[in-house]
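Scroll down for the structure; my scribbles are underneath it.
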Amino acid sequence: MNIHEYQAKDIFRDAGLTVPPGGIATTVEEALSLARTHGLPVMVKSQVLAGGRGKAGGVKFCKTEDDVRTHAGNILGMDIKGHTVRKVLVTPAETIAAEFYLGMLVDRASRRVLLMASAEGGVEIEKVAVEKPEAILKHAIDPRFGLLDHEAMAVALRLDPDVKRARQLADAMQKLYKAFLAADASLAEINPFIFTDQGVGKAIDAKINLDDNALFRHPGYAALRDLDEENPSERMAREADLSFVKLDGNVGCLVNGAGLAMATMDLVQYYGGRPANFLDIGGSSNPDKVVNALRIILGDPNVEVILFNIFGGITRCDDVARGIIAATERMEIRVPIVVRLTGTNEAEARELLTKTDLVPAATMDEAVQKALELAGK
Amino acid sequence: MNIHEYQAKDIFRDAGLTVPPGGIATTVEEALSLARTHGLPVMVKSQVLAGGRGKAGGVKFCKTEDDVRTHAGNILGMDIKGHTVRKVLVTPAETIAAEFYLGMLVDRASRRVLLMASAEGGVEIEKVAVEKPEAILKHAIDPRFGLLDHEAMAVALRLDPDVKRARQLADAMQKLYKAFLAADASLAEINPFIFTDQGVGKAIDAKINLDDNALFRHPGYAALRDLDEENPSERMAREADLSFVKLDGNVGCLVNGAGLAMATMDLVQYYGGRPANFLDIGGSSNPDKVVNALRIILGDPNVEVILFNIFGGITRCDDVARGIIAATERMEIRVPIVVRLTGTNEAEARELLTKTDLVPAATMDEAVQKALELAGK
Amino acid sequence: MAIFCTDQTKILIQGITGRDGSFHAKSMLGYGTNIVAGVTPGRGGQTFEGKVPVFDTVKDAVAATGAEASVIFVPPAGAAGAVFEAADAGCKLVVCITEGVPTLDMVKVMPYLAERGVRLVGPNCPGFINPGQKAKLGIMPTNIVTPGPVGLISRSGTLTYEVVDALTRAGLGQTTCLGIGGDPVIGTNFMDALQAFHADPATQALVMIGEIGGDAEERAADFVKANMKIPVVSFIAGRTAPPGKRMGHAGAIVSGGAGTAAEKKKALESAGIPVADRPADVVPLLQQIWKR
Amino acid sequence: MAIFCTDQTKILIQGITGRDGSFHAKSMLGYGTNIVAGVTPGRGGQTFEGKVPVFDTVKDAVAATGAEASVIFVPPAGAAGAVFEAADAGCKLVVCITEGVPTLDMVKVMPYLAERGVRLVGPNCPGFINPGQKAKLGIMPTNIVTPGPVGLISRSGTLTYEVVDALTRAGLGQTTCLGIGGDPVIGTNFMDALQAFHADPATQALVMIGEIGGDAEERAADFVKANMKIPVVSFIAGRTAPPGKRMGHAGAIVSGGAGTAAEKKKALESAGIPVADRPADVVPLLQQIWKR
């Protein structure tokens, strides 16, 4: 789950990081009031779950109240990569003497939390990673001992040889790690971590992605979810406990297993079609789950055909077939459905399908081809 | 630093342990008001930094408001092992279906935090340790991994084979460890941890000793110090950064080094005297520190002689002598002072002392013997 | 032979009385897997399916039965704890089937396993099956496998079954079919599995089913190129996955332009590993390059 | 010879530019100790006393000078961090002089040292001095020691000097005088030190200065009885200490009736180790039982 900058900053504050104050405005008037509270100049920063906000014009420096009026007015309602800006963070503008990138993520290779740090702060780190990878320092943290003082300091001294600043950087890294663990994050970034003209270190931007698998340990985080930011079909899928990603094609896919679901999408494309979605319905043959999945997919007006691709595995295919039939009987379906069922009791399952409008198929390839024919491709 | 039960309970609550509510009363009226708030029956518990409060009559069950009046009245002002009761905790009385001891301390031998647990809850654990040591289960916690689920559960199942209760016990152990670490404790105990008739586990008593060396990390804990509980001379010593323990003899001792200070006390006793205190003035020859030390010792009317025992070591004895002389010149001293100084520039130091009223001595034994003579023993 | 275990390996099941655990324990027993014990706290002393003794703790189970490997079917909140327990009790192989385990729990468990020389498979994986040993440690369907010389590694579940089924239908039996799981932090990764297969003389050909995200396939390609002489073919799922979106598996995500199917295909092919365009092409590709 | 180090051991000092560090570094240098480097972050490139190069990190110092041991003089809040750093940089011997280190910091550091085979002396200790090697790692006064055959272990500082001084005055020189420190959790305890002296052929007699609290002396007594043939005498401070009060050292406390001087005396005497009533009796006692 991704959260907004202002929410991430709260988590950083709890871990002891120095973060400038600020408030959230949903109207120009609120933004003005916050600017007065915190004192000009301020930054007005769009709060949307998308990167590149600055480049899109969603982050503005405001010297005067007129600036706040103009920029907050422009930013609220703005579209950034398909996300509508509904709120802005108004926060005092800081003088910037130096800026750094500090980040952490779970590293697959070392199976540890990886500290990443760079003196190339304030720019897109992905760009740095590609163009100047040696500018990113990395340290894999031993979970048994945490990020030790000297480890953080060794990285910090390479970022900035000034000891006073290095100590602040090292301290920020350790607190970032603390925040990372406390939040069960999968990614946490400060970009940039700045020093003011007075030499005070601050996190003036914040990004945290949370581990969905760990949300059960953080009941409070449910409130951080911005429902406005979610695609309605993706929200329905999340609430129905289905893995779903909306795409822009016309072939709705219901598959058991994430790998097989991706392979199914790939096969649709292989045969010249375009998948409407990724959807993993899991191992269950529960008609309710199938109904939910169908509802989500049929909510997309582009969908012209539905393709079930089920590898029975341990669950029996006739059970799955019965689940699908029950589900389709409980709702109006406006498009043809192709069903591919393989595994235990596959013949019985096909027998069941013959009594319905559902179009049976024996293999993935056959199923995809039939679906594309029915989609009028 | 030792803290009160009610303060320890707050730390336990922060770590997620289930602790009954309650409030602190310093008068009978306040106790009555708290009893009404929480609902009868309640326990009225003396809050003093001493063990054996129950045995001393400092913990009472109150069924009626009259009980609260009587018991709070008796307990407030009561003396428990030299501590005057100035406040009581008023907390709902719980039904007790079973009680356990859960404790943690830093174990010298394993150099780890040691979990101790016993089904013999609600009684003095020191007594259990002597009389029935096999009734105390122990587990040294690996600091790299913490108290793991299965480790806590293995201990818990030996305390109580009922899985539901064992899970609560294991959970309490893990939270106790969390509290121990969070507080930088040297000892943390729940005695007893109970199950109510409804099977709910609760920590109904709480004890935490804090590591003095770690107090600098916990600025908030300064507020937990109960100045009423401190002997005035011990408080002065703490504020002057001196290690001091009040004793009941007449020979005031000022020694550099804790081991030598103990050995000096022992030698006073060896020669038939009684030390008035333990005091380690550390390695410094700073007159201010000596003045503070003298002031603390002279605050004790029993003191009839003062004995300096200084092994010069690296600091020069003449420097130390000058410090002592400067200190004694800055204040009125009503008793004779014997000074033993050994180490570098020992002769120069003795030379300096001859110009004063201070009585020089060459060895520990000589110094103690002279002091005892002067004390009129 | 095969990798990780034989028909002699004594296996226990943590969470054997749970909904998933009992279902799959029956299937594993039915296949002939050498299950010697089950563990469910509070159920110690019971017997599962009339033959498998149940214990309160893994330690008790190991002491009583000499179990060497554990398969874990406990809910996500307790999964890492179950891995710790199995490792502490002396199991040298732990297969964690549980889906939805917090990633940092796995980060924490890894050095504990390393210190004790314990191999973990998973979490969030179908486990593995060694048809020649009648050993199934996990949830793979038994009816699609058959003994033979082909090893299979996959980050996926049902997609694996699809390919295994095709292998079996083509008369190509398997030494071990292994699903390593789709989470970002897993005990046995592509490379670890490759090394195990490399050390197994019975495995004469290898199928690797990869997917988008991470660089496990790229590193596997390097290893194959440098070390392996047997034929290896591959399939990568997720060509059509949009960047930045998690495709079911927590690990299946293209981020910052890295971990794409195209990159992986390129790396594999440049290591001499043909990559099938469709799952159905995997077996023909293997047959094509395999000079038996 | 002696224990823990020789005149060849290359030593660095963490916190060499601090108030205490610089003072004691000068004393150590003056004694002839083989100090090859100092460490203070931000002072890299400077030179201490015109001859010892200073580095920003221990890693840099070890890389440049081959230092093998470190003596730590940094404030309590950074002391454990300094031990971690020294161990990580490859120092196999670390002496931490710092007083007032939080106990749990030391609990955390211990397994890190164990994994790397690092010996820690201290914290909150005077360190040790090997007169025959002109090696001083700590703060012991050099004018009271002299080379010879007696080993000395103590939990104390100045009380140790008292006894060492008496030994020297009696013509009994020392192999190593070691103060292990008075904290509850220390790197080298009585037993560890005993084992080191036991392995040192040059040490022909041993003095142990104990104090109240814990059971280190009792366990030491068992070890001496079981293993050592050289004469051993002891003194225990704190006979008059009231129970439940911490006597300066965090570890010097009689609690729950355990750790008393009387108990320790009994354990030592029953292991054949005479216990002196006064510090001044230690040397005569030793002379009495030592058949040279």
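In this text the structure is predicted, and so the values were computed from the model without any measurement. In the text below, chain A, chain B and the rest are named by the order of the sequence lines, each starting its count at 1. The basis for the numbers below is simple: all heavy atoms, side chains too, and nothing from hydrogens, waters or symmetry mates.
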Problem set entry | Reported CG-to-OG1 distance for the pair Asn213(B) and Thr98(D), which is rounded to 0.5 angstrom | 11.0 Å
Exercise. What are the two closest heavy atoms between Pro102(D) and Arg217(B), and how far apart are they?
Worked result: CB-NH2, 3.1 Å
Seminar exercise, completed: From the list Arg274(B), Met262(B), Met265(B), side-chain contact (heavy atoms from CB on, under 4.5 Å) with Thr240(D) holds only for Met265(B)
Problem set entry | Reported OH-to-OG1 distance for the pair Tyr161(D) and Thr342(B), which is rounded to 0.5 angstrom | 14.0 Å
Exercise. Would you say Asp211(B)'s side chain and Thr103(D)'s backbone share a donor-acceptor pair under 3.5 angstrom?
Worked result: yes
Problem set entry | Asp20(D) versus chain B, the contacting section by heavy-atom distance below 4.5 Å | neither
For this session: Between chain B and each of Ser154(D), Gly238(D), Ala241(D), count heavy-atom pairs under 4.5 Å; write down the option with the most.
Result: Gly238(D)
Exercise. Which region of Met110(D), side chain (C-beta onward) or backbone (N, CA, C, O), has a non-hydrogen atom less than 4.5 Å from a non-hydrogen atom of chain B, or is it both or neither?
Worked result: side chain
Problem set entry | Contact class of Ala109(B) relative to chain D, heavy atoms under 4.5 angstrom | both
Problem set entry | Shortest non-hydrogen contact between Ala258(B) and Gly248(D), atoms and distance | CB-CA, 4.1 Å
For this session: Find the distance between CG (Asp184(B)) and CG (Asp105(D)) and round it off to the nearest 0.5 Å.
Result: 7.0 Å
Exercise. Given that the side chain runs from C-beta out, which part of Ala77(D) has a heavy atom under 4.5 Å from chain B: side chain, backbone, both or neither?
Worked result: both
Exercise. Between Phe235(D) and chain B, which part of the residue has a heavy atom less than 4.5 Å away: side chain, backbone, both or neither?
Worked result: side chain
Problem set entry | Which portion of Ile209(D) sits near chain B, non-hydrogen atoms under 4.5 angstrom | neither
Problem set entry | Heavy-atom check, side chain of Asn189(D) versus side chain of Arg111(B), under 4.5 Å | yes
Problem set entry | Residue Arg246(D) versus chain B: region with a heavy atom under 4.5 Å | both
For this session: Would you name the heavy atoms of Leu104(D) and Val106(B) that are closest together and state the gap between them?
Result: CD2-CG2, 4.1 Å
Exercise. Do other residues, nucleotides or ligands put more than 12 heavy atoms under 6.0 Å from Glu189(B) CD?
Worked result: yes
Exercise. When only pairs under 4.5 Å are counted, which of Pro279(D), Gly213(D), Gly244(D), Ala280(D) shares the most heavy-atom pairs with chain B?
Worked result: Gly213(D)
Problem set entry | Partner chain B: residue of Arg239(D), Glu211(D), Lys245(D), Met247(D) with the largest heavy-atom pair count (under 4.5 Å) | Met247(D)
For this session: Answer with side chain, backbone, both or neither: which region of Glu162(D) has an atom nearer than 4.5 Å to a non-hydrogen atom of chain B?
Result: both
For this session: Could you pull out the closest heavy-atom pair between Gly259(B) and Ser156(D), with the gap in Å?
Result: CA-OG, 3.4 Å
Exercise. What residue in Asp365(B), Asn309(B), Leu215(B), Leu267(B) has the most heavy-atom pairs under 4.5 Å with chain D?
Worked result: Asp365(B)
Seminar exercise, completed: Value for CG (Asp266(B)) from CZ (Arg278(D)), rounded to nearest 0.5 Å, stands at 13.0 Å
Exercise. Non-hydrogen atoms of chain D under 4.5 Å away: do they reach the side chain of Phe244(B), the backbone, both or neither?
Worked result: neither
Exercise. Is Leu247(B) close to Pro242(D) at the side-chain level, that is, under 4.5 Å between some pair of heavy atoms?
Worked result: yes
Problem set entry | Asn256(B) backbone acceptor or donor facing Thr158(D) side chain under 3.5 Å | yes
